[in-house]
Amino acid sequence: YADENLIRINQSLQNHPFISIEKPAQTLFTKDSTQVFLFLQKRKSNSFDGIIGFGNDKTEKFTFNGSLNMNFRNMFNSFETVNIFWQRNPDKGQIFDLKTDIPYLFKSNLGLDLNVNIYRQDSTFANVKFLPSLYLHLSNRQKLGLRGTFETSSVMDSLYIQGKDFGKKGIGVWYNFTEPSEIELFMHKTKIRASADYISTLYSKDNTQISQNNFFFYGERNFYISGNHYLNLKAETALINSKNELVANELLRFGGCNSFRGFNENALFADFYYFGTAEYRFLAGNQAFFDVFGQY
């Protein structure tokens, strides 16, 4: 028994995505043992966010657009997560993303992660990607995973010469580290994601097969300055290393509120990019903070 152990247990459960602490831990001392009682409650963390709109596109035609983001967490008391995201912009581009995470298969340290992503670039091309993954909990903050990649892309506009039909298969490894934050609004204090994939790409019309290597890194850290003042630093980079010139419908897509700001969602295309963000945050209370940021 030590007070440091109780503090460490309390910190590890702080801002937990699935459970909350009702009141501080209590200790019962007896002649031959010491018992610690934790008072935990299931956190209601399901969320729904969305906006649906109607308007005109660039040709003044009537369009239907908007976005939906639904998160279902721990509904079956196994710490599972299901996330559904849909977005359609005025240019008829669409994204559908389904993520399912089951962290403790059969009460073991193995987890299962499934991701289905559908991307349509107006009427020119559409990509469908399936990413099944099996991972190991190295600790309550670290995950190390092995995943497969299955992707197909079809060009729907015969006049679109920048793209090609292709199919991809591959295997890769990834690492995830998350450190919780005392400030619930900040989601986490530290977050690191890194991955490397070996991909085999078959261009069906040319009947050519090319090997590629994909790399990704994301790092974020919240620093406490003083009072209600905080500094948030982020960095992100991604690379597709290929022996041949890439076509437009297989390039990396980035940009938007949660990426490089000042651009529409997934409006930027590249085979390699990197950017960094420095953000000053003033915590106005438990429900809001104001920020000033710069990106390069």
Side-chain angles (χ1 to χ4, degrees), residues 1-27 33-47 71-83 99-115 131-149 171-198 214-224 230-238 258:
Y1 173 83
D3 288 340
E4 292 80 7
N5 291 333
L6 292 181
I7 293 173
R8 189 159 52 246
I9 291 173
N10 188 73
Q11 288 177 341
S12 68
L13 295 174
Q14 216 165 30
N15 289 340
H16 195 282
F18 303 113
I19 58 177
S20 59
I21 304 174
E22 284 188 291
K23 57 183 179 180
Q26 295 186 6
T27 309
S33 65
T34 302
Q35 293 180 328
V36 176
F37 294 89
L38 300 176
F39 300 89
L40 306 177
Q41 187 176 22
K42 181 178 178 179
R43 183 187 293 271
K44 297 178 180 179
S45 56
N46 294 338
S47 64
N71 291 281
F72 304 99
R73 295 179 175 177
N74 203 24
M75 296 181 65
F76 303 102
N77 299 321
S78 61
F79 284 4
E80 80 288 343
T81 301
V82 178
N83 174 255
K99 295 180 180 178
T100 302
D101 181 26
I102 305 173
Y104 300 102
L105 284 175
F106 310 111
K107 298 182 180 181
S108 70
N109 277 339
L110 292 176
L112 178 67
D113 185 278
L114 300 174
N115 181 207
L131 300 171
S133 177
L134 190 68
Y135 63 86
L136 173 68
H137 288 270
L138 300 178
S139 68
N140 62 339
R141 298 180 180 180
Q142 299 182 80
K143 299 177 183 178
L144 180 65
L146 180 70
R147 73 180 177 193
T149 298
I171 191 170
V173 294
W174 58 270
Y175 171 79
N176 194 335
F177 173 84
T178 304
E179 181 183 3
S181 170
E182 299 84 5
I183 309 299
E184 189 171 357
L185 276 173
F186 293 169
M187 302 298 291
H188 41 255
K189 184 176 182 180
T190 306
K191 186 165 187 176
I192 297 173
R193 289 189 292 126
S195 64
D197 298 271
Y198 174 79
N214 293 7
F215 302 97
F216 175 82
F217 174 82
Y218 172 88
E220 180 181 0
R221 173 78 174 183
N222 282 297
F223 295 93
Y224 172 70
Y230 292 82
L231 176 65
N232 175 270
L233 297 179
K234 295 179 187 176
E236 180 176 321
T237 183
N258 295 319

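Throughout, numbering of the chain's residues begins at 1 and tracks the sequence.
Arg147 pairs with exactly one of Asp197, Leu114, Asp113 by the side-chain contact (heavy atoms from CB on, under 4.5 Å) rule, that one being Asp197.
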Between Asn232 and Phe186, is the side-chain contact (heavy atoms from CB on, under 4.5 Å) condition met? List the steps. CA-CA 9 Å; Asn232 175 270; Phe186 293 169; over 6 Å; no
Intermediate values then yes/no, side-chain contact (heavy atoms from CB on, under 4.5 Å), Val36 and Asn5: CA-CA 10 Å; Val36 176; Asn5 291 333; over 6 Å; no
Please walk me through it: do Leu146 and Leu134 pass side-chain contact (heavy atoms from CB on, under 4.5 Å)? CA-CA 6 Å; Leu146 180 70; Leu134 190 68; 5.6 Å; no
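Distance check, rounded to the nearest 0.5 Å: CD1 of Ile171 to OG1 of Thr149 gives 9.0 Å. Atoms CG and CD, from Asn140 and Glu179 in turn, are 10.5 Å apart once rounded to the nearest 0.5 Å. Interatomic distance, Gln142 CD to Tyr175 OH, rounded to the nearest 0.5 Å: 3.5 Å. Taken to the nearest 0.5 Å, the CG atom of Asn176 stands 13.0 Å off from the CZ atom of Arg141. The line from CG of Leu144 to OG of Ser139 is 11.0 Å long, rounded to the nearest 0.5 Å. Between the CD1 atom of Ile21 and the CZ atom of Arg43 there is a distance of 9.0 Å, given to the nearest 0.5 Å.
In this structure, Lys99 places its NZ atom where only 12 or fewer heavy-atom neighbours from other residues, nucleotides or ligands lie under 6.0 Å away. Sparse packing is recorded around CZ of Phe76, with 12 or fewer heavy atoms of other residues, nucleotides or ligands lying under 6.0 Å away. Other residues, nucleotides and ligands contribute over 12 non-hydrogen atoms within 6.0 Å of the CG atom of Asn77.
Residues satisfying the side chain to side chain donor-acceptor pair (under 3.5 Å) criterion with Asn115, sequence neighbours excluded, are Asp97. Under the side chain to side chain donor-acceptor pair (under 3.5 Å) criterion, Ser33 pairs with Thr30, not counting sequence neighbours.
For the pair Ile183/Asn222, no side-chain contact is recorded, criterion being any heavy-atom separation below 4.5 Å from C-beta on. Using a 4.5 Å heavy-atom cutoff, the side chains of Phe72 and Glu80 are not in contact. Side chains of Ile192 and Phe217 form a contact here, defined as non-hydrogen atoms less than 4.5 Å apart. Looking only at side-chain heavy atoms (C-beta outward), Asn46 and Arg73 come within less than 4.5 Å of each other.
Smallest separation of non-hydrogen atoms from Phe79 and Phe18: O-CZ, 3.2 Å. Shortest non-hydrogen contact noted between Pro24 and Phe39 is O-CD1, 3.8 Å. Residues Leu38 and Ala25 come closest through the heavy atom pair CD2-CB, 3.7 Å.
The aromatic rings of Tyr135 and His137 stand perpendicular to each other, their planes meeting at an angle above 60°, with 30° marking the opposite boundary.
One N or O on the side chain of Lys42 and one on the backbone of Asn74 form a donor-acceptor pair closer than 3.5 Å.
Side chain to side chain, Thr190 and Arg221 meet the donor-acceptor criterion of an N or O pair below 3.5 Å.
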